[in-house]
Amino acid sequence: MSKSFNAFVVNKSETGFSAGVQQLTLDDLPAGNVTVRVQYSSINYKDGLACLPESPVVTSYPMVPGIDIAGTVTESSDPRFTVGQEVVAIGRGLGTDRFGGYAEYARLPGEFLEPLPPGLTAKEAMALGTAGFTAALSIQRLEENGLVPGDGRVLVTGATGGVGSTAVSMLAGLGYEVVASTGKPAEHDYLRELGAAEVLDREDVSTRSHFPLEGELWAGSVDPVGGDTLAYLLRTTRYRGAVANCGLTGGPALNITVLPFILRGVTLLGIDSVLCPEDVRAAVWLRLGTDLKPKNLVDSISHEVGLDRVPEIAADILTGAVRGRTVVRL
């Protein structure tokens with residue numbers, strides 16, 4: 001008989017929608033040449049969407065959500081990975097197109113996996129997860145555009161979320177002057193603890209304007225919000241500065257003119273972690289174990305839950321009620 005294990009499964013059929021912990025077997029797992037005993041996963045915004053009855057991201061049912069995985073290889077026919085090796089995987093359709101991390105076992109194509117980077121434990125890797133990886137990729141792209149410490153203030157929007165919290169800590173650790181914005185007045189001290197030199201209210205960075213350009217305030221920014229906030233950033237970024245946009249919690253529409261681009265040379269950097277090229281992915285993971293590793297990753301930014309609390313946290317993350325990162329212990 002095939003080994004059975006716990007998994008959080010969402011399912012939808014003619015009789016309705018269900019979401020909860022149930023037993024699966026190794027035979028239930030999709031095809032792949034590497035099997036992983038999952039130690040930790042995490043809860044991201046997309047995981048919250050995956051748990052909705054009318055999910056806009058899940059492509060087939062039943063589905064095991066969890067777009068992040070960290071664990072140990074138990075079987076492998078891929079020569080790059082050996083039994084007992086610690087690995088991580090993020091994106092690539094995990095949790096939406098194929099079974100993801102909310103199960104004690106996962107079976108994946110080897111190309112989805114990375115060796116656990118030096119400098120990170122499996123739990124730390126999932127305290128980062130897709131959100132932390134996206135923050136790091138945003139910072140790396142800003143640096144490639146020319147941003148260096150000393151250029152001026154760098155703004156992080158949606159700063160109490162997963163991307164925002166890790167970005168604030170990473171930028172502060174690199175020596176940047178970080179300004180954070182949030183809609184949660186009670187979390188100002190938390191953001192200063194992460195390294196923010198100044199904290200702004202959400203309304204300060206999302207007000208609509210009839211001016212196509214405003215005062216030059218930011219050398220660069222990390223923006224997981226989009227919408228009116230992204231429009232504000234483009235109007236207020238300094239000459240030859242850049243905005244790294246990686247999300248749309250403020251909406252997908254963008255009301256701007258071309259003037260920031262043709263008069264100030266502002267660059268809008270689109271950040272995609274799902275299909276990020278393998279060489280870039282590997283390089284960013286290595287930095288996450290070294291110069292981009294947040295110093296307060298486990299103590300302040302993340303907290304840990306079991307599978308039974310996934311529905312609760314998944315619902316909270318969609319309303320912006322979650323601070324930092326939530327690690328799921330398998």
Side-chain angles (χ1 to χ4, degrees), residues 45-46 130-131 133-172 174 176-184 191 195-276 280 284 320:
Y45 191 82
K46 186 177 284 188
T130 291
F133 180 90
T134 301
L137 182 58
S138 299
I139 293 168
Q140 181 158 297
R141 293 287 305 281
L142 288 169
E143 292 173 336
E144 291 168 352
N145 192 68
L147 183 68
V148 296
D151 277 355
R153 297 187 297 169
V154 179
L155 178 62
V156 178
T157 65
T160 61
V163 173
S165 293
T166 52
V168 168
S169 185
M170 290 175 193
L171 286 163
L174 291 172
Y176 289 95
E177 181 184 357
V178 185
V179 179
S181 70
T182 179
K184 303 174 184 176
L191 293 171
E198 182 181 356
V199 182
L200 302 177
D201 290 333
R202 177 191 298 156
E203 290 76 15
D204 295 332
V205 301
S206 60
T207 303
R208 292 191 176 189
S209 173
H210 62 275
F211 294 109
L213 291 171
E214 297 183 60
E216 299 179 51
L217 300 176
W218 317 112
S221 53
V222 176
D223 174 45
V225 177
D228 289 339
T229 297
L230 179 54
Y232 162 86
L233 291 172
L234 292 169
R235 295 194 306 267
T236 56
T237 295
R238 290 168 48 180
Y239 182 74
R240 295 187 66 82
V243 180
N245 172 257
C246 54
L248 45 63
T249 58
L254 185 57
N255 182 24
I256 60 168
T257 71
V258 299
L259 295 184
F261 308 115
I262 64 174
L263 295 184
R264 288 184 181 165
V266 171
T267 300
L268 176 57
L269 302 167
I271 307 300
D272 167 50
S273 61
V274 176
L275 299 175
C276 180
V280 176
V284 171

Return the minimal non-hydrogen interatomic distance between Gly152 and Arg238, and the atom names on each side. CA-NH1, 3.5 Å

Any non-hydrogen side-chain atom of Leu230 less than 4.5 Å from a side-chain atom of Leu268? yes

Rounded to the nearest 0.5 Å, what separates atom CE in Met170 from atom OG in Ser165? 10.5 Å

So, taking the atom named CG in Leu171 and the one named CG in Leu142, what distance separates them when rounded to the nearest 0.5 Å? 7.5 Å

If you look at every heavy atom in Arg153 and Val179, which pair is closest and at what distance? CD-CG2, 3.8 Å

When you measure from the side chain of Arg240 to the backbone N and O of Gly146, does any donor-acceptor pair fall under 3.5 Å? no

Can you tell if the side chain of Pro224 reaches within under 4.5 Å of the side chain of Tyr45, non-hydrogen atoms only? no

Is there a side-chain contact between Thr157 and Tyr232, using heavy atoms and a 4.5 Å cut-off? no

Quick check: does any side chain N or O of Thr166 sit under 3.5 Å from a backbone N or O of Val163, one acting as donor and the other as acceptor? yes

Might you work through the side chain to side chain contact (heavy atoms under 4.5 Å, CB included) test for Lys46 and Thr130, ending with a clear yes or no? CA-CA 10 Å; Lys46 186 177 284 188; Thr130 291; over 6 Å; no

pair Glu144-Leu269: side-chain heavy atoms closer than 4.5 Å: no

Give the minimum heavy-atom separation between Gly195 and Val178, together with the two atoms involved. O-CB, 4.3 Å

Are the side chain of Thr237 and the backbone N or O of Leu217 linked by a donor-acceptor pair below 3.5 Å? no

List the atom of Ala180, the atom of Val168, and the distance in Å for their closest heavy-atom pair. CB-CG2, 4.1 Å

Where is the tightest heavy-atom contact between Cys276 and Phe133, given as atom of each residue plus distance? SG-CZ, 4.2 Å

Which pairs, with at least one residue in residues 216-231 and sequence neighbours excluded, count as a salt bridge (Lys or Arg N to Asp or Glu O under 4.0 Å)? Arg208-Asp228, Glu216-Arg264

Looking at CD of Glu198 and OG of Ser181, how far apart are the two atoms once the value is rounded to the nearest 0.5 Å? 10.5 Å

Would you give the length of the straight line joining atom OG1 of Thr160 to atom NZ of Lys184, rounded to the nearest 0.5 angstrom? 3.5 Å

SG (Cys246) and CG (Asp272) are apart, to the nearest 0.5 Å, by 10.5 Å

Report yes if the side chains of Leu137 and Thr134 come closer than 4.5 Å at any heavy-atom pair, otherwise no. no

Reference residue Leu234; test side-chain contact (heavy atoms from CB on, under 4.5 Å); the match among Val243, Thr257, Thr229: Val243

Value rounded to 0.5 Å, distance of CG in Leu233 from CG in Asn245: 9.0 Å

For residues 199-206, run the donor-acceptor check on the side chains, cut-off 3.5 Å, and write out each pair with its distance to 0.1 Å, sequence neighbours left out.
{"unit_1": "Asp204", "atom_1": "OD2", "unit_2": "Asp201", "atom_2": "N", "d": "3.2"}
{"unit_1": "Ser206", "atom_1": "OG", "unit_2": "Arg202", "atom_2": "O", "d": "2.9"}

Correct closest heavy-atom pair for Ala167 and Val222 would be CB-CG1, 4.2 Å

